[in-house]
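See below for the structure under consideration.
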2 protein chains.
Amino acid sequence: MTEKQENILRAALELFANEGFNATSTSKVAKHAGVSEGLIFRHFGNKEGLLQAILTEGENKLKDLLVDIVMESEPKEVVRKTILMPTRVDASDYNFWKLQYKLKWELEVSNDKKMEPLIMALTNAFQKLEYSDPVMEAELLTIIVDGIGASVLKGSKLEIGQMTSFLMKKYKV
Amino acid sequence: MTEKQENILRAALELFANEGFNATSTSKVAKHAGVSEGLIFRHFGNKEGLLQAILTEGENKLKDLLVDIVMESEPKEVVRKTILMPTRVDASDYNFWKLQYKLKWELEVSNDKKMEPLIMALTNAFQKLEYSDPVMEAELLTIIVDGIGASVLKGSKLEIGQMTSFLMKKYKV
DNA sequence: ATTGAGTGAGTGAGTAATTACATATATTTA
DNA sequence: TAAATATATGTAATTACTCACTCACTCAAT
């Protein structure tokens with residue numbers, strides 16, 4: 001991966017995440033990356049291929065967050081770590097996560113399947129903690145965490161630290 | 001409002017909601033509405049004006065949902081009605097709501113301000129119900145309801161009826 | 001006669017993508 | 001080692017096409 005390729009990916013990520021995929025032209029990406037437009041197509045085939053390269057590169061970021069939770073055996077810790085997920089997102093990865101949320105609505109590309117292990121782990125944890133409806137509890141908590149993540153990325157006034165500690169108290173973890 | 005104007009608005013709403021604002025061309029809207037492209041600009045000035053016309057027309061739909069909750073004096077009813085909000089969305093309004101969610105990410109147009117009366121009402125209700133942190137409780141419930149709404153519109157496998165009755169049991173309302 | 005709704009070909013500015021061409025870096029050959 | 005060849009990396013100009021928007025025009029109802 002040459003330096004120019006990295007420049008292209010970095011520029012594309014920033015523009016796609018902040019202006020949107022459709023609203024960002026390849027010429028804009030090229031200018032932003034300090035590179036000729038043709039180079040984008042040489043390396044990534046087409047605009048869609050450029051997006052895919054960004055997505056697969058960032059896929060591990062999601063996996064890294066999830067594996068730590070799914071591998072946890074202590075049920076209370078599973079819940080606690082899930083609640084804390086939004087706080088563990090590195091600021092340098094903001095653009096990647098923003099892009100994920102944007103694409104869910106712009107191209108109807110979701111990663112529900114990648115979240116399934118988390119839901120399974122949560123269901124299991126709530127069962128061990130003897131909640132009466134573990135399946136719904138797991139579903140609910142993922143909705144909450146997803147919503148908090150969205151708030152953070154949209155720069156909402158919601159104080160994330162306050163909300164997470166409030167949740168940990170509520171779930172007694 | 002002539003029939004052709006209504007046709008334009010209806011076509012634009014459907015296309016903007018399902019394909020996205022940027023991804024929908026004005027010529028596509030015109031074709032879909034059975035109207036010349038020029039007519040769109042005569043009536044709505046520009047593409048942005050067309051979007052605004054749709055948004056202001058639909059603004060009352062949100063107001064109608066909220067006023068019923070905010071005017072409620074019984075605290076348990078406030079919580080109950082909030083939880084039931086996603087189920088009360090008429091199927092004929094799906095496109096409008098989908099557009100709302102899409103625009104939040106595509107154009108960073110949010111209606112946080114319009115939700116504030118709901119948050120106030122919820123805070124007040126949780127206070128009367130003697131929850132220890134009514135502000136956070138209100139914030140949390142709006143996040144949950146927002147997330148459930150999003151799931152419904154995205155056609156997720158989440159069973160909305162199950163989730164709402166689960167929540168009503170959880171909140172004892 | 002005037003007005004306002006409605007038309008559709010036309011406009012320049014972009015759009016994604018391709019092209020022909022240039023340079024740098026290996027790899028092979030003499 | 002040095003020259004010759006091949007391959008990867010890059011560019012600028014150009015392609016065919018789409019975009020939001022305009023404009024001169026028609027037509028029906030006052």
Side-chain angles (χ1 to χ4, degrees), chain A residues 1-58 95-96 98-99 102-103 105-109, chain B residues 1-58 95-96 98-100 102-109:
Chain A
M1 172 95 61
T2 70
E3 193 190 320
K4 302 223 171 190
Q5 288 187 49
E6 284 173 17
N7 285 349
I8 292 171
L9 287 177
R10 188 164 353 106
L13 173 57
E14 177 171 330
L15 291 169
F16 288 170
N18 293 304
E19 324 247 345
F21 178 72
N22 282 316
T24 302
S25 68
T26 50
S27 79
K28 215 171 179 179
V29 173
K31 242 172 245 169
H32 215 262
V35 139
S36 74
E37 195 175 351
L39 194 59
I40 293 174
F41 294 93
R42 170 171 296 284
H43 285 309
F44 304 101
N46 55 28
K47 197 184 170 187
E48 183 74 25
L50 175 57
L51 178 64
Q52 278 305 325
I54 294 173
L55 255 34
T56 54
E57 194 204 23
N95 277 339
F96 168 72
K98 205 170 172 183
L99 181 59
K102 270 204 150 105
L103 290 178
W105 291 103
E106 189 168 353
L107 304 181
E108 323 244 341
V109 173
Chain B
M1 174 95 61
T2 71
E3 193 189 322
K4 302 223 171 189
Q5 287 187 50
E6 283 173 18
N7 284 349
I8 292 171
L9 287 176
R10 188 161 356 104
L13 173 56
E14 178 171 330
L15 292 169
F16 288 169
N18 293 302
E19 324 247 345
F21 178 72
N22 283 316
T24 301
S25 67
T26 50
S27 81
K28 214 171 179 178
V29 173
K31 241 174 248 169
H32 215 262
V35 139
S36 73
E37 197 175 352
L39 194 60
I40 293 174
F41 295 93
R42 167 168 299 281
H43 285 309
F44 304 102
N46 54 30
K47 197 186 173 186
E48 183 74 25
L50 175 57
L51 177 64
Q52 278 307 323
I54 293 173
L55 257 33
T56 54
E57 194 204 24
N95 277 338
F96 169 71
K98 204 169 172 186
L99 181 60
Q100 295 290 321
K102 270 205 151 106
L103 289 178
K104 259 195 286 195
W105 291 103
E106 187 168 353
L107 303 181
E108 322 243 341
V109 172

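Chain letters run A, B, ... following the sequence lines, proteins first and then strands; every chain starts at 1.
Rounded to the nearest 0.5 Å, atoms CG (L9(B)) and CD (E14(B)) are 13.0 Å apart. Atom CZ of F16(A) sits about 12.0 Å away from atom CG of N95(A), to the nearest 0.5 Å.
For K98(B), the side-chain hydrogen bond (donor to acceptor under 3.5 Å, both in side chains) partners are N18(B), not counting sequence neighbours. The side chain to side chain contact (heavy atoms under 4.5 Å, CB included) test applied to S36(B) returns L39(B), not counting sequence neighbours. The salt bridge (Lys or Arg N to Asp or Glu O under 4.0 Å) search around K28(B) returns E19(B), not counting sequence neighbours. The side-chain hydrogen bond (donor to acceptor under 3.5 Å, both in side chains) search around Q100(B) returns N111(B), not counting sequence neighbours. Checked against side-chain hydrogen bond (donor to acceptor under 3.5 Å, both in side chains), K104(B) has the following partners two or more places apart in sequence or in another chain: D146(B). Legend: residues meeting side-chain hydrogen bond (donor to acceptor under 3.5 Å, both in side chains) with E106(A), ordered by chain and number and at least two apart, are N22(A).
Taking the side chain as every heavy atom from C-beta outward, R10(A) and L13(A) never approach each other to under 4.5 Å.
A donor-acceptor pair shorter than 3.5 Å cannot be found between the side chains of E37(B) and S27(B).
Protein chain A contacts DNA chain D over a range whose 5' and 3' limits, counting nucleotides with an atom under 4.0 angstrom from a non-hydrogen atom, are dT9(D) to dT11(D).
Contacts between residues 7-23 of chain A and DNA chain C, counted as heavy-atom distances below 4.0 Å, involve no residue at all. A heavy atom closer than 4.0 Å to some atom of DNA chain D occurs in L39(A), R42(A), H43(A), these being the qualifying members of residues 39-50 of chain A. Of the residues in residues 24-33 of chain A, those with a non-hydrogen atom less than 4.0 angstrom from any atom of DNA chain C are T24(A), S25(A), T26(A), S27(A).
Here E108(A) pairs with K102(B) in a salt bridge; the nearest charged N to carboxylate O distance falls below 4.0 Å.
Here the C1' atom of nucleotide dT19(C) and the CD atom of E37(A) are 13 Å apart, to the nearest Å. Note: CD (Q5(B)) to P (dG4(C)) measures 14 Å, nearest angstrom.
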Solution key, residues 46-55 of chain B side-chain donor-acceptor pairs under 3.5 Å, sequence neighbours excluded:
| unit_1 | atom_1 | unit_2 | atom_2 | d |
| --- | --- | --- | --- | --- |
| N46(B) | OD1 | E48(B) | N | 3.3 |
| N46(B) | OD1 | G49(B) | N | 2.7 |
| K47(B) | NZ | F21(B) | O | 2.9 |
| K47(B) | NZ | T24(B) | O | 2.8 |

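The ring-ring contact (aromatic ring centres under 6.0 Å, His included) analysis of residues 36-58 of chain B, with sequence neighbours excluded, yields no pairs.
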